[in-house]
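Heads up: the structure comes next, in structure tokens.
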Amino acid sequence: MEKEKTKPAKFVTDSGIEIKEVYYSHSGMNEKPGQYPYTRGVQADMYRTRLWTMRQYAGFSTAEKSNERYKYLLKHGTTGLSVAFDLPTQIGYDSDHPLSEGEVGKAGVAIDSLKDIEILFSGIELEKVSTSMTINSTAAILLAFYIALAKKQGADLKKISGTIQNDLLKEYAARGTYIYPPHASMRIITDIFEYCSRETPKWNTISISGYHIREAGSTAAQELAFTLANGKAYVKAAIEKGLDIDVFGRRLSFFFNAHNNVFQEVAKFRAARRMWAKIMKDLGAKEEKAMMLRFHTQTGGSTLTAQQPENNIVRVTLQALSAVMGGTQSLHTNGYDEALSLPTEEAARIALRTQQIIAFESGVVDTVDPLAGSFFVENLTDELELKAWEYIHTIDKMGGSVKAIEAGYIQNEIASASYRYQQSIEKAERILVGVNHFEIEEKPFDKIFSVDDSIRQVQIERIKQLKNERDEAAVSGCLAEIGNAAKEGANLMPLIIKGVEAYATLGEIADELRKVFGEYR
């Protein structure tokens with residue numbers, strides 16, 4: 001008797017898209033790279049003439065220690081800096097605040113005042129380097145520190161370039177480092193848009209982040225949808241403020257995650273460009289550059305495993321490859337040891353070398369959009385887009401991202417996806433190499449990089465010295481002006497810059513705004 005054939009398994013992406021055994025056709029694509037709707041890339045020749053910016057996200061301990069790491073990375077070929085800040089800096093507390101205890105310098109560098117920024121970028125000319133700052137609730141203050149230092153260096157503010165993340169909506173939905181209520185946060189964000197469009201035209205005023213949405217457990221389709229829906233909300237808020245979409249639209253940027261499913265990630269990046277171009281056109285954009293989705297990518301932190309950590313080098317390579325083949329403008333590759341600690345210098349170097357090998361040895365940069373025309377990738381791009389539009393239409397019916405977040409819709413969708421993912425791992429329906437399959441007996445990992453708690457005392461002494469040396473009357477006057485502007489609706493940026501130049505601390509400025517806006521609970 002003939003043995004009964006086993007029914008083939010059903011293959012499905014984390015976004016619920018079924019993968020067929022083979023793809024025979026696609027509706028066809030005559031689109032050229034660099035042309036609307038930019039599915040194939042925002043530049044006609046992409047990496048053939050200019051590679052992506054190779055960033056390494058770094059920041060820990062004191063400004064002095066982080067400055068040493070930045071110089072190390074620049075020496076080894078990093079082409080742009082990416083600054084990580086500790087939690088107190090992210091939520092507007094100086095290092096001497098009681099709530100800062102135990103967190104100073106741990107998740108990133110501690111920044112309390114312009115003095116710290118002067119040390120952080122000592123020996124680095126801001127006009128000659130592009131700097132990305134992962135900062136949200138206190139983005140206006142950190143940008144003010146950076147601008148104040150650029151002025152002290154004699155830099156032309158029209159030439160300084162970089163990005164502040166400045167994306168508060170994803171903080172409410174996925175991450176949690178918010179301070180003020182959503183409407184106050186939106187007001188500060190649009191103040192930054194308005195100021196930078198006049199004074200720092202090369203600065204990217206927001207990096208609308210899907211990265212943290214994916215880290216919180218979303219699917220690829222959810223990351224795509226919720227990120228673009230948030231972007232749409234920021235654009236509408238700026239238009240309501242009277243800003244020109246064709247001006248501020250050029251300085252919007254995005255920040256995506258890259259996970260292990262190479263083809264899905266490439267399709268996600270391609271779909272994102274096409275969808276954003278349509279969104280911006282529908283909102284009234286006429287300039288090409290205002291419709292282009294430019295994005296930074298970071299490899300997936302949540303995909304890294306503490307078990308057999310060297311395997312993470314392979315994971316990061318696959319993720320970086322997907323970002324490059326998907327057309328990223330900027331890329332950070334995680335250290336293989338980041339599931340266990342802050343990255344060591346060795347891990348940071350390997351991560352950077354991963355990008356360099358892809359750039360100079362793999363050949364994937366030699367042609368634009370190398371996976372275009374693949375029946376599989378083209379169909380997957382279309383299907384991800386359809387799923388993302390379904391989410392966006394639901395959010396639109398609720399009144400936009402702010403309303404959807406206030407109703408808990410986005411948070412609940414992410415939480416449900418995260419739960420389903422964890423269940424699939426625990427049931428071994430999804431294999432994680434070294435975690436639920438192919439395990440080995442391991443020796444304890446001994447290359448741990450840690451930050452000592454004594455860092456807080458160093459920062460406290462620096463704050464004391466600063467307050468003894470500065471003009472207290474000038475600081476008090478600046479803080480009062482910031483408070484009045486917050487009440488009256490005037491643009492906050494010029495007054496925050498004036499305040500930091502007088503050496504008001506980050507916590508003092510954040511507290512002045514807390515008095516007016518309150519805190520979101």
Side-chain angles (χ1 to χ4, degrees), residues 42 50-60 63 66-67 69-74 76-86 89-90 107-109 111 116-117 120-121 124-147 149-150 155 157 159-168 170-171 175 177 189 192-193 196 200-212 215 227 231 234 250-258 293-301 320 323-324 328-335 338 343 348 351-352 355:
V42 293
R50 181 182 175 184
L51 292 173
W52 64 92
T53 301
M54 297 182 192
R55 298 190 188 278
Q56 284 306 111
Y57 185 50
F60 60 91
S66 292
N67 177 261
R69 178 64 66 89
Y70 295 154
K71 287 175 178 174
Y72 173 86
L73 290 169
L74 289 167
H76 283 82
T78 291
T79 54
L81 298 177
S82 190
V83 185
F85 298 97
D86 71 0
T89 302
Q90 292 181 48
V109 62
I111 299 294
D116 289 323
I117 289 288
L120 185 67
F121 292 103
I124 299 170
E125 293 182 58
L126 301 191
E127 202 175 298
K128 294 182 179 179
V129 67
S130 170
T131 303
S132 174
M133 295 190 279
T134 303
I135 197 71
N136 297 282
S137 296
T138 54
I141 305 170
L142 268 298
L143 177 58
F145 285 148
Y146 196 85
I147 289 170
L149 178 58
L157 295 187
K159 293 181 180 177
I160 64 168
S161 64
T163 305
I164 43 170
Q165 193 162 104
N166 198 26
D167 175 7
L168 266 298
K170 69 93 175 47
E171 294 296 326
R175 191 160 174 265
T177 64
I189 289 166
I192 294 169
F193 287 1
C196 290
T200 56
K202 290 184 72 176
W203 192 269
N204 296 322
T205 50
I206 193 167
S207 179
I208 304 157
S209 177
Y211 184 85
H212 302 93
E215 289 292 285
T227 305
Y234 293 127
R250 300 179 186 199
R251 302 323 304 172
L252 304 177
S253 65
F254 288 80
F255 175 22
F256 287 112
N257 209 314
L293 180 143
R294 296 164 299 115
F295 67 101
H296 169 71
T297 309
Q298 182 172 339
T299 56
V324 171
T328 194
Q329 277 63 64
S330 169
L331 178 61
H332 163 82
T333 34
N334 288 329
E338 287 188 55
L352 177 59
Q355 294 199 48

For Phe145 and Thr138, run side chain to side chain contact (heavy atoms under 4.5 Å, CB included): C-alpha distance rounded to whole Å, both residues' side-chain angles, the deciding distance at 0.1 Å, then the answer. CA-CA 11 Å; Phe145 285 148; Thr138 54; over 6 Å; no
Given side chains that start at C-beta, do those of Phe255 and Thr227 come closer than 4.5 Å, heavy atoms only? no
Parallel, tilted or perpendicular: which one describes the rings of His76 and Tyr72, with boundaries at 30° and 60°? tilted
Taking Glu338 for its side chain and Gly335 for its backbone only, find out whether a donor-acceptor pair lies under 3.5 Å. yes
Hey, are the side chains of Asn204 and Ile164 touching, using non-hydrogen atoms and a 4.5 Å cut-off? no
Taking the side chain as every heavy atom from C-beta outward, state whether Leu81 and Leu74 have any pair of such atoms under 4.5 Å apart. yes
Look at the aromatic rings of Tyr70 and Phe121 and report parallel, tilted or perpendicular, splitting at 30° and 60°. parallel
Side-chain donor or acceptor of Arg251 paired with backbone N/O of Lys202 under 3.5 Å: yes
Are Thr328 and Arg294 close enough, and set up right, to give a side chain to side chain contact (heavy atoms under 4.5 Å, CB included), and what steps lead you there? CA-CA 7 Å; Thr328 194; Arg294 296 164 299 115; over 6 Å; no
So do Leu142 and Val83 actually touch side chain to side chain, heavy atoms under 4.5 Å? no
Checking Arg50 against Gln329 for the side-chain hydrogen bond (donor to acceptor under 3.5 Å, both in side chains) test, could you report, in this order, the C-alpha distance in whole Å, the side-chain angles of both residues, the deciding distance, and whether it holds? CA-CA 10 Å; Arg50 181 182 175 184; Gln329 277 63 64; over 6 Å; no
Return yes if some donor-acceptor pair links the side-chain N/O of Thr333 with the main-chain N/O of Ala320 below 3.5 Å, else return no. no
Check this for me: Lys159, atom NZ, are more than 12 non-hydrogen atoms of other residues, nucleotides or ligands nearer than 6.0 Å? no
Residue pair Ile147, Trp203: steps toward the side chain to side chain contact (heavy atoms under 4.5 Å, CB included) verdict: CA-CA 11 Å; Ile147 289 170; Trp203 192 269; over 6 Å; no
Please list, chain by chain and in numerical order, all residues satisfying side-chain hydrogen bond (donor to acceptor under 3.5 Å, both in side chains) with Asn136, sequence neighbours excluded. Gln165, Lys170, Glu171
For the backbone of Asn257 and the side chain of Thr299, can you confirm whether one donor and one acceptor N or O come within less than 3.5 Å of each other? no
Where the side chain of Asn166 meets the backbone of Thr205, is there a donor-acceptor pair that is under 3.5 Å apart? yes
Do Asn67 and Val109 touch side chain to side chain, with heavy atoms closer than 4.5 Å? no
Would you say the side chains of Arg55 and Thr53 form a donor-acceptor pair under 3.5 Å? no
Counting distance only, does the side-chain N/O of Asp167 pair as donor-acceptor with the main-chain N or O of Ser209 below 3.5 Å? yes
Do Thr79 and Trp52 have side chains that approach each other closer than 4.5 Å (heavy atoms only, starting at C-beta)? no
With a 4.5 Å heavy-atom cut-off, do Met54 and Leu352 have their side chains touching? yes
Quick check on Glu125: does its CD atom have over 12 non-hydrogen neighbours (other residues, nucleotides or ligands) under 6.0 Å away? no
Can a donor-acceptor pair be found, under 3.5 Å and without considering hydrogens, that links the side chain of Ser137 to the backbone of Thr177? yes
Counting distance only, does the side-chain N/O of Thr163 pair as donor-acceptor with the main-chain N or O of Ile206 below 3.5 Å? no
Nearest-0.5 Å distance that lies between atom OG in Ser207 and atom NE2 in His296: 7.0 Å
Applying side chain to side chain contact (heavy atoms under 4.5 Å, CB included), run through Leu252 and Tyr234 and close with a yes or a no. CA-CA 10 Å; Leu252 304 177; Tyr234 293 127; 5.8 Å; no
Given 3.5 Å as the limit, does a donor-acceptor pair link the side chain of Glu215 with the main chain of Gly301, or not? yes
May I ask you to test the Leu331-Phe295 pair for a side-chain heavy-atom distance under 4.5 Å? no
